[in-house]
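In what follows, a structure is listed as structure tokens, so that the remarks can point back to it.
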Number of protein chains: 2
Amino acid sequence: MSARSPANSVDPDAPRAPLRAFSRSLPMALLKAREAVMGRFRPILHAHDLTEQQWRVLRALTSADGFRAGELARLSSISMPSLSRILRALEKRALIERGVEDKDLRAAQISITASGRALIALIAPHSERGYADITAAFGDERLATLYRLLDELATCLTDGTEPVEVDEE
Amino acid sequence: MSARSPANSVDPDAPRAPLRAFSRSLPMALLKAREAVMGRFRPILHAHDLTEQQWRVLRALTSADGFRAGELARLSSISMPSLSRILRALEKRALIERGVEDKDLRAAQISITASGRALIALIAPHSERGYADITAAFGDERLATLYRLLDELATCLTDGTEPVEVDEE
DNA sequence: CGTTAATATTTAACGTGTTATATAAATTGG
DNA sequence: CCAATTTATATAACACGTTAAATATTAACG
């Protein structure tokens, strides 16, 4: 016998949950948009052996000199465990350097090296071309609106009442 | 001596790339919004030992019976390698079942079990409450606009001229 | 001071994303 | 009908996300 359609033709004991369609799933919509956008940038980074996250860290390091790991994690939206691995990899490639802070021996001072800056300078124009493509395809105004909405959404969900209570049954 | 500020006080040989600020990084904005949203849903799923992706697969399976793996991957925006692992895990927990298609022995027919439906029914109301919270905090109209923009962005980047050419130097 | 609590960072374990490759079945072409 | 190509799925390898725990240093307190 064929094994098609097993023993589960909608058991009436298991109530049909009227689940919202994927088209109205907010995490899904955000994911797909992000995938589409990253499809434009990933090849550029991959051509230089950088992951998206490594790129974010390098970028953040150009805005000042001598960050601590925690600051870097917040700036680049990368968790500390991931950042720890990323810094190890970037240091091995001599794209960043670490020192220790005088006043706090736990904290590391992380800076980008000249090689790191050179790599960024190599990639930056490609990145900007990606943005130009996206802007051309999507429109300047709609893009601005999207930025605003995304920022407002993150803000209004991050502020105030933090997590949802999960009552165990 | 202290190891602060190593040997890289802005080497003039490494040109300062005028990188766009993080606040105008589209992948970053999408990521942060998604993180904020998932912060509302992750605890619910975690309380039932489900990852976000496992949840997506289960959800997709409620829309019809007997999917092939490839269809499921497209529906839930999960890559085939990931899906393969996820199906193995869900099958072990008896939340899904696999059969083989008569006409094509390569393809598997994947269905949700009664236990799987029961789990969904258990979680669904919590999920809807999360959406209610988000709608209340963000507003119905803005949310609708955001959905529309996200969908349009993904569409306009996925259609037409696919990848950016990466000229190796 | 010395003991405890808080902070900064790392490591571990597991699941997923991405890329490349492998396996197996179906299709195509000769 | 058999060899070569395509298609569906699985596996491997490496990096990251998440959670929890470990380590090391500083601060706080008695």
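So you know, we letter chains A, B, ... as the sequences are listed, proteins then strands, and number each from 1. Values in this document were obtained by computation on a predicted structure and should not be read as measured data.
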Kindly point out which of [options] is positioned nearest to the side chain of [X]?
X        : options                : answer
A:His46  : C:dT9, C:dT11, C:dT19  : C:dT19
B:Arg106 : C:dG17, C:dA26, C:dA20 : C:dA26
A:Gln54  : D:dG17, C:dT18, D:dA15 : D:dA15
A:Ala107 : C:dA8, D:dG17, D:dA12  : C:dA8
A:Ile78  : D:dA8, D:dG17, C:dA12  : D:dG17
A:Ile86  : C:dT16, D:dT19, D:dC16 : D:dC16
B:Arg85  : D:dA13, D:dA10, C:dA25 : D:dA13
B:Ser84  : D:dC16, D:dT11, D:dT9  : D:dT11
B:Arg88  : C:dG17, D:dG17, D:dT11 : D:dT11
A:Ser79  : C:dT18, D:dA8, D:dT18  : D:dT18

Table please: side-chain donor-acceptor pairs of residues 145-153 of chain A below 3.5 Å, with sequence neighbours left out.
residue, atom, partner, partner atom, Å
A:Thr145, OG1, A:Glu141, O, 3.0
A:Tyr147, OH, B:Arg24, O, 2.6
A:Tyr147, OH, B:Leu26, N, 3.2
A:Arg148, NH1, A:Glu152, OE2, 3.4
A:Glu152, OE1, B:Arg142, NH1, 2.4

- [ ] Begin with the C-alpha distance, continue with both residues' side-chain angles, and end with the deciding distance and a verdict on side-chain contact (heavy atoms from CB on, under 4.5 Å) for A:Ile123 and A:Leu50.
- [x] CA-CA 10 Å; A:Ile123 294 175; A:Leu50 283 179; 3.6 Å; yes
Open item on the list: Rounding to an integer number of Å, can you tell me how far B:Leu72 CG sits from C:dT16 P?
Closed with: 13 Å
Open item on the list: Distance check needed: C:dT16 P versus B:Leu50 CG, whole Å only.
Closed with: 10 Å
- [ ] Take A:Lys103 and A:Ala89, find for each the nucleotide of DNA chain D with the closest heavy atom, and name the residue whose nucleotide sits nearer the 5' end.
- [x] A:Ala89
TODO: Identify, between A:Leu87 and B:Ser82, the residue whose nearest nucleotide on DNA chain C lies closer to the 5' end.
DONE: A:Leu87
Task: Side-chain ion pair, B:Arg34 and B:Glu52, N-O less than 4.0 Å - done: yes
TODO: Answer yes when B:Arg93 and B:Asp49 have at least one side-chain N-carboxylate O distance shorter than 4.0 Å, and no when they do not.
DONE: no
TODO: Output, in order, the C-alpha distance, side-chain angles, deciding distance and verdict of side-chain contact (heavy atoms from CB on, under 4.5 Å) for A:Val37 and A:Tyr131.
DONE: CA-CA 9 Å; A:Val37 171; A:Tyr131 274 109; over 6 Å; no
